Amino acid sequence: MPTVYARTLRRAAEILGGDQMLATTLQVTPTNLALWLAGHERPPTNVFLAAVDLISEHDIAKIRPPG
């Protein structure tokens with residue numbers, strides 16, 4: 001079962017359009033991101049929280065009425 005870290009990073013990658021876009025946005029290497037997505041390592045707290053922020057902003061934008 002994927003960790004909360006891996007699930008969060010996967011959702012952020014989906015929002016941005018892929019792993020490469022997420023790595024670029026988070027300013028991390030694709031190799032490190034792959035390890036975190038696979039659940040082999042835990043991402044640094046600041047990276048994880050940046051992904052959480054990205055998801056939150058996306059979800060809030062979806063429910064906020066235009067205007």
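Because the structure is a prediction, the values reported are computed rather than measured.
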**Study point:** Heavy-atom pair with the smallest gap, counting every atom of W36 and A6
**Key:** O-CB, 3.6 Å
Exercise for review: Give the minimum heavy-atom separation between T8 and A51, together with the two atoms involved.
Suggested key: CG2-CB, 4.1 Å
Review point. Could you go step by step and tell me if T45 and F48 meet the side-chain contact (heavy atoms from CB on, under 4.5 Å) rule?
Key: CA-CA 5 Å; T45 301; F48 175 71; 5.7 Å; no
Considering only distance and modelled atom types, tabulate donor-acceptor pairs under 3.5 Å from the side chains of residues 15-27, sequence neighbours left out.
residue	atom	partner	partner atom	Å
D19	OD1	R10	NH1	2.6
Q20	NE2	T24	OG1	3.4
T24	OG1	Q20	O	3.0
T25	OG1	M21	O	2.8

Practice item. Keeping the roles fixed (side chain from R7, backbone from P2), state whether a donor-acceptor pair exists under 3.5 Å. Key: yes
Revision key, fill the gap. Distance col, row L37:CG vs N32:CG, nearest 0.5 angstrom, shows 11.0 Å
Practice item. Answer yes if L9 and V4 sit in the same cluster of Ile, Leu, Val, Met, Phe, Trp and Tyr residues linked by side chain heavy atoms under 4.5 Å apart, and no otherwise. Key: no
Review point. Linking I/L/V/M/F/W/Y whenever any side-chain heavy atoms sit under 4.5 Å apart, do I55 and L33 land together?
Key: yes
